[in-house]
Amino acid sequence: MQRLKALTTGSLPTFIDAGSNFASHAIVEDNLIKQLTSAGRRVVFMGDDTWKDLFPGAFSKAFFFPSFNVRDLDTVDNGILEHLYPTMDSGEWDVLIAHFLGVDHCGHKHGPHHPEMAKKLSQMDQVIQGLVEHLENDTLLVVAGDHGMTMNGDHGGDSELEVSAALFLYSPTALFPSTPPEEPEVIPQVSLVPTLALLLGLPIPFGNIGEVMAEVFSGGEDSQPLSSALAQASALHLNAQQVSRFLHTYSAATENLQAKKLHQLQKLFSKASADYQWLLQRPKGAEATLPTVIAELQQFLRGARAMCIESWARFSLVRMAGGAALLAVACFICLMASQWAISPGFPFCPLLIPVAWGLVGATVYAVLLGTIELKLDLVLLGAVAAVSSFLPFLWKAWAGWESKRPLATLFPIPGPVLLFLLIRLAVFFSDSFVVAEARATPFLLGSFVLLLVVQLHWEGQLLPPKLLTMPRFGTSATTNSPRHNGAYALRLGVGLLLCTRLAGLFHRCPEETPVCNSSPWLSPLASMVGGRAKNLWYGACVAALVALLAAVRLWLRRYGNLKSPEPPMLFVRWGLPLMALGTAAYWALASGADEVPPRLQALVSGASVVLPRAVVGLAASGLVLLLWKPVTVLVKAGAGAPRTRTVLTPFSGPPTSQADLDYVVPQIYRHMQEEFRGRLERTRSQGPLTVAAYQLGSVYSAAVVTALTLLAFPLLLLHAERISLVFLLLFVQSFLLLHLLAAGIPVTTSGPFTVPWQAVSAWALMATQTFYSTGHQPVFPAIHWHAAFVGFPEGHGSCTWLPALLVGANTFASHLLFAVGCPLLLLWPFLCESQGLRKRQQPPGNEAEARVRPEEEEEPLMEMRLRDAPHHFYAALLQLGLKYLFILGVQILACALAASILRRHLMVWKVFAPKFIFEAVGFIVSSVGLLLGIALVMRVDGAVSSWFRQLFLAQQR
């Protein structure tokens with residue numbers, strides 16, 4: 001959209017205009033189309049329907065065709081060709097605009113070097129040749145590209161390949177006095193606007209800052225040199241008058257233009273205008289003076305354009321500092337709140353004083369501005385409030401420094417993690433490192449994995465039991481022997497490094513590294529030429545899909561949750577295979593759409609719409625079922641007591657409070673094997689009611705893993721087929737990392753529970769690594785626009801939020817999945833508790849009874865240990881979320897500081913600003929995903945509490 005705006009108004013599109021590609025609004029500035037309609041010219045348009053939104057009702061006749069489906073190479077072009085030559089022959093037009101899209105779409109779909117591109121270019125050659133043959137002597141043909149494309153077929157950046165486009169002018173009547181030079185001249189795109197306006201006898205659009213192409217006004221081969229030069233000077237003078245009026249009006253309305261440069265340009269224009277008027281009065285002496293006048297006018301026009309470019313990129317340093325202060329204080333509050341989360345008085349006592357200080361500071365600032373009658377800026381008001389709330393922490397830190405107390409109480413991050421975090425944040429200040437982040441992130445993740453293995457060994461977590469003499473980290477009493485040996489942790493580390501290396505094979509090279517070659521596996525299967533290779537890759541993608549589904553089912557079966565009769569597990573058994581089948585079928589149709597026989601086109605088109613929507617609908621249904629019945633356990637109830645199982649005897653009375661209920665639940669679980677479902681009915685026999693419940697120890701993790709799987713399938717549909725291999729690696733890599741992290745986290749019974757900073761940092765780093773492994777880059781040309789058409793091959797009509805949502809889900813899929821799965825960092829150590837049965841300890845004094853009756857066995861509590869201290873469980877979830885938000889928040893802070901400090905850097909709009917935008921949007925997506933993940937765990941916890949409450953009521957009947 002922004003390029004069309006430049007081609008019709010002559011003004012410069014801003015950085016934020018890129019957002020209008022999703023929702024194009026009518027151009028309100030003065031433009032060529034408006035001038036043509038005001039002059040009564042008949043303007044006929046055909047092609048890209050974006051023009052309909054930009055210039056509503058401006059055309060005397062129009063043939064619009066849907067433009068947003070980049071997979072469609074022919075609809076727009078064939079529609080234009082159907083009406084082009086009949087319209088030309090009819091003569092019912094003064095200006096005819098035809099906007100072809102086949103070459104652009106072919107670049108997005110196949111790239112510039114695909115055989116389909118050669119076909120489209122040959123078609124355009126034939127179109128131009130046909131137009132030339134139909135032209136009359138008084139007609140001008142203008143062939144222009146609004147943008148170029150990279151080697152991958154994308155555009156939107158500022159590389160030379162993207163901003164360079166051809167401009168071809170032809171008329172049967174000669175335009176130039178001599179043969180054009182062999183090396184074509186490079187001119188700004190906005191210069192086409194004043195040129196066309198003067199050629200058509202129209203006023204130049206008011207906001208134009210382009211320079212007219214003077215050579216076009218030379219008068220042809222038969223013109224005399226003096227008359228040609230005078231015609232060029234006249235065109236330049238009209239152009240300069242228009243730009244001077246614009247600068248005068250703009251400078252009077254705003255103060256953005258630099259006064260000194262504006263004054264110099266005004267003097268230059270006054271001199272050039274006076275010289276031009278002198279030439280008109282004395283034409284005989286004009287031959288020697290004309291070149292000087294032309295040079296002065298061109299100098300003025302180019303200086304005005306340069307001044308506008310520089311002035312429109314000015315920054316408000318005060319507001320930038322205020323925004324950075326807000327981010328910094330928010331990150332610090334997350335850090336401190338994560339430390340306070342396990343304190344008894346949280347959140348009221350620790351946060352009350354900072355909030356009060358913030359309110360006082362904001363009030364004082366507002367009163368001060370009102371006194372001196374200055375405008376209130378909400379950003380600065382928030383920054384003052386944030387800095388004021390920060391004062392108590394500074395005072396506490398100063399007091400600790402004076403009393404020589406360690407500041408570790410204020411900054412609880414371990415040294416190695418802090419070092420890794422500082423290294424990661426420092427790279428955001430270097431454009432080279434930001435460009436190379438896709439390679440640096442796997443290196444940091446691999447280094448982190450090695451650090452975790454070394455730390456486990458150093459802390460004695462991997463030593464044989466007889467060598468363990470030190471208590472485990474985080475506990476004050478003597479603990480049990482390590483659960484794993486060194487070979488186990490080493491295998492996990494090697495597996496993680498291998499998965500990281502394999503995921504790195506799916507990489508997309510930034511345009512700043514021309515020597516790099518992007519992975520060919522990121523392109524869709526439809527772009528492949530060889531049929532046999534395409535079939536092999538399709539088989540590999542389907543195999544990855546089946547492996548992912550089988551891995552999830554095997555994991556649920558290992559912990560027994562798959563045996564549950566609850567609706568979510570029924571959906572896992574039957575719904576997930578249907579989702580996998582629908583995904584595989586859609587891939588088959590998408591990869592072979594160009595090879596479908598004509599009689600099956602309608603069927604394939606319908607299936608391409610139905611299948612993705614069906615998969616998304618099934619995923620949504622599964623999530624609804626999971627929220628409805630999140631407790632996935634198998635329950636067996638009987639009338640008699642089994643000989644080897646504990647009898648759950650009737651309760652002596654209901655608990656008197658919610659606290660009694662929370663604390664008695666783990667005691668009940670110690671006499672059960674798994675959770676039961678439904679209502680408990682009184683049996684007909686007179687014996688006590690016995691309950692055997694299974695899979696209660698993994699009930700939280702099962703819900704989170706199921707939710708992640710249900711989210712993964714729709715997100716996978718939005719990517720190219722071969723990204724399914726990356727999703728499989730993602731799940732395997734996450735599984736290995738969770739096991740490695742769990743090996744170093746002690747399982748405590750009474751709390752408090754906590755997740756180390758090492759685990760949170762590694763999890764956030766893996767999310768970034770997956771972002772790059774799925775073929776993304778934090779730049780706009782690398783956005784996968786094709787995701788907007790999955791399930792909507794014909795486009796979205798006037799709807800703009802849905803394609804934006806689909807593209808956003810494709811771009812930030814890794815952020816969403818890792819944020820939703822973040823609670824697994826807390827749950828997994830309890831899940832990894834020994835699966836072997838342990839001998840149940842006998843109460844003192846019952847040794848004789850123990851010798852008489854068979855030895856009873858007890859299943860490990862696993863995640864039910866978290867319910868032994870519910871307030872510690874909830875505090876641990878809150879602490880985990882705050883830690884994760886802190887890690888993401890400091891990344892945004894570093895990007896914001898880099899973009900502000902380096903605001904005059906050559907790469908600010910190419911590297912630093914897009915990186916900041918991507919990090920900010922990723923933070924929002926991660927925050928929503930984290931909230932959903934924690935809400936799911938809390939929903940499961942509430943369902944577990946409700947289940948136990950039903951048990952108590954049933955026992956009292």
Side-chain angles (χ1 to χ4, degrees), residues 1 18-24 47-53 64-79 101-102 104-110 153-154 156 523-527 578-579 581-594 596 600-621 623 710-721 723-724 774-776 780 782-813 816 925:
M1 190 286 297
S20 299
N21 286 320
F22 283 111
S24 300
D48 187 350
D49 61 354
T50 304
W51 291 71
K52 179 174 63 175
D53 298 324
F64 297 111
F65 303 97
S67 61
F68 207 52
N69 186 1
V70 295
R71 297 185 178 183
D72 186 358
L73 308 184
D74 302 313
T75 298
V76 177
D77 293 0
N78 293 341
L101 282 177
D104 177 78
H105 287 185
C106 188
H108 286 295
K109 183 178 180 180
H110 299 294
D154 299 320
S523 58
L525 293 179
S527 63
L578 288 178
M579 294 172 63
L581 182 61
T583 303
Y586 174 74
W587 286 348
L589 296 178
S591 61
D594 298 335
V596 176
L600 299 178
Q601 284 286 354
L603 179 62
V604 172
S605 299
S608 299
V609 174
V610 173
L611 287 175
R613 298 184 185 184
V615 172
V616 174
L618 285 172
S621 302
L623 290 173
L710 294 174
L711 286 173
F713 275 91
L715 294 175
L716 184 56
L717 270 177
L718 299 176
H719 291 78
E721 298 89 345
I723 298 298
S724 59
T774 48
H776 296 99
F780 295 108
I783 294 178
H784 298 174
W785 302 108
H786 63 82
F789 306 101
V790 176
F792 301 89
E794 301 300 327
H796 301 266
S798 59
C799 179
T800 56
W801 65 267
L802 185 56
L805 179 64
L806 294 175
V807 173
N810 170 281
T811 305
F812 301 101
L816 180 62
V925 173

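Quantities reported herein were computed from a predicted structural model and do not represent experimental measurements.
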Which heavy atom in [X] sits nearest to a heavy atom in [Y], and how many Å separate them?
| X | Y | answer |
| --- | --- | --- |
| Ala788 | Pro803 | CB-CB, 3.8 Å |
| Thr774 | His784 | O-CE1, 3.5 Å |
| Val609 | Gly791 | CG1-O, 3.7 Å |

(message) According to ring pair (Phe, Tyr, Trp, His ring centres under 6.0 Å), who are the partners of His719, at least two apart in sequence or on a separate chain?
(response)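 So His719 forms a ring pair (Phe, Tyr, Trp, His ring centres under 6.0 Å) with Phe727, His776.
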
(request) Check ring pair (Phe, Tyr, Trp, His ring centres under 6.0 Å) between Phe65 and all other residues, then give those that pass, not counting sequence neighbours. (result)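 For Phe65 there are no ring pair (Phe, Tyr, Trp, His ring centres under 6.0 Å) partners, ignoring immediate neighbours.
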
(request) Kindly write out the residues that satisfy side-chain contact (heavy atoms from CB on, under 4.5 Å) with Leu525, not counting sequence neighbours, or none if the list is empty. (result)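 With neighbours one apart ignored, the set is Met528, Lys534, Trp537, Tyr538, Ser591, Glu721, Arg722.
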
(message) Can you list everything that forms a side-chain contact (heavy atoms from CB on, under 4.5 Å) with Ala809? Sequence neighbours excluded, please.
(response)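 Partners of Ala809 under the side-chain contact (heavy atoms from CB on, under 4.5 Å) test: Leu715, Leu718.
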
(request) List in chain and number order the residues that pass salt bridge (Lys or Arg N to Asp or Glu O under 4.0 Å) with Asp77, two or more places apart in sequence or in another chain; answer none if no residue qualifies. (result)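 By the salt bridge (Lys or Arg N to Asp or Glu O under 4.0 Å) rule, Asp77 matches Lys120.
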
(request) Take Ile783 and Asn810, measure what side chain to side chain contact (heavy atoms under 4.5 Å, CB included) needs, and give me the verdict at the end. (result) CA-CA 9 Å; Ile783 294 178; Asn810 170 281; over 6 Å; no

[X] side chain near [Y] side chain, heavy-atom distance below 4.5 Å:
| X | Y | result |
| --- | --- | --- |
| His110 | Leu73 | yes |
| Tyr586 | Val615 | no |
| Asp53 | Phe64 | no |
| Val790 | Leu806 | no |
| Val76 | Asp48 | no |

(request) Going by the side-chain contact (heavy atoms from CB on, under 4.5 Å) test, name the single residue among Leu710, Leu717, Leu716, Val616 that passes it with Met579. (result)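 Single side-chain contact (heavy atoms from CB on, under 4.5 Å) partner of Met579 among Leu710, Leu717, Leu716, Val616: Leu710.
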
(request) For Thr75, enumerate each residue passing the side chain to side chain donor-acceptor pair (under 3.5 Å) test, keeping only those at least two apart in sequence or located in another chain. (result)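 Result, side chain to side chain donor-acceptor pair (under 3.5 Å) vs Thr75: Asp72.
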
(request) Measure the CG-CH2 distance between Leu611 and Trp587 for me, rounded to the nearest 0.5 Å. (result)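 Reported value, rounded in 0.5 Å steps: 12.5 Å.
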
